[in-house]
Amino acid sequence: MDGATVHLVPDGGDQAPLSVLLAMLASGSDFAVLDGAGQPFIQAELPNFAALESICAHAAQAAQQWWWWWWAIIEVDTGLPPDAAPGVRPRPMYDPDTTTLIERYQAKAAELHAVLGWSVSWQTVQAKRLAYRKSRTVA
């Protein structure tokens, strides 16, 4: 598979996990990201990563990774993703009113592993957030 993949792990353990191209998954008419209550989470469209096909693979991968880190850090820092609609409440694991920064770092590290297959520690998420707050870019 070529492109960003999502690792799906079914509940219950009676089925094997599988990897799916993110573009294929998100293009499904019934695709939705659900919040903690099982309701569709409203968000803007994902960026058009296909536009990166004309540049070298390393640069494209770096751009995708930068975008995912930026998105992740904004959600950890504020409780909401960058394109959150007015009045939207944070997902429970990122709510600054009910969780500590360390809990949010841990939740984001787990989510990055589950969704993107990245093996990152909560300390890595913390370091990325602190670097972002200092320079307004994801290092």
Gap between atom [atom2] of [Y] and atom [atom1] of [X] - 0.5 Å precision:
X    : Y    : atom1 : atom2 : result
D77  : K128 : CG    : NZ    : 15.0 Å
Q64  : Q61  : CD    : CD    : 7.5 Å
R104 : T78  : CZ    : OG1   : 8.5 Å

Task: Qualifying salt bridge (Lys or Arg N to Asp or Glu O under 4.0 Å) pairs with a residue from residues 65-74, counting only residues at least two apart or across chains - done: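 Not a single pair qualifies under salt bridge (Lys or Arg N to Asp or Glu O under 4.0 Å).
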
- [ ] Could you name each residue pair satisfying salt bridge (Lys or Arg N to Asp or Glu O under 4.0 Å) that touches residues 109-125, not counting sequence neighbours?
- [x]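 Residue pairs with at least one partner in residues 109-125: R91-E111, K108-E111.
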
- [ ] Enumerate the residue pairs fulfilling ring-ring contact (aromatic ring centres under 6.0 Å, His included) with a member in residues 75-117, sequence neighbours excluded, ordered by first and then second residue.
- [x]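 As it turns out, there is no ring-ring contact (aromatic ring centres under 6.0 Å, His included) pair with a partner in residues 75-117 once direct neighbours are skipped.
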
Task: CA sep, side-chain torsions, deciding dist, call: Y132, W70, side-chain contact (heavy atoms from CB on, under 4.5 Å) - done: CA-CA 8 Å; Y132 177 79; W70 172 76; 3.7 Å; yes

Task: Contact summary for G79 and P96, nearest pair of heavy atoms - done: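 Smallest heavy-atom distance, with atoms named: CA-CD, 3.8 Å.
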
Open item on the list: So which atom in A109 and which in V120 form the shortest heavy-atom distance, rounded to 0.1 Å?
Closed with: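 Smallest heavy-atom distance, with atoms named: CB-O, 3.5 Å.
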
Open item on the list: Does E75 form a side-chain contact (heavy atoms from CB on, under 4.5 Å) with L80? I'd like the steps, not just the answer.
Closed with: CA-CA 5 Å; E75 187 170 26; L80 296 170; 6.0 Å; no

- [ ] For residues T124 and W118, determine if any side-chain heavy atom of one lies less than 4.5 Å from a side-chain heavy atom of the other.
- [x]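 No, their side chains stay 4.5 Å or more apart.
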
TODO: Would you indicate whether the side-chain heavy atoms of D97 and R89 approach each other to under 4.5 Å?
DONE: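 Yes - at least one pair of side-chain heavy atoms lies under 4.5 Å apart.
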
Task: Hphob cluster co-occupancy, I73 + L101, side-chain heavy atoms under 4.5 angstrom - done: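 Yes; tracing contacts between hydrophobic side chains, which count when under 4.5 Å, links both residues.
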
Task: Transitive ILVMFWY side-chain link W68 to L130, under 4.5 Å - done: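 Result: no, two separate clusters.
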
TODO: Take W71 and W66 through the test ring-ring contact (aromatic ring centres under 6.0 Å, His included) and record every step on the way to the result.
DONE: CA-CA 9 Å; W71 186 275; W66 183 92; over 10 Å; no

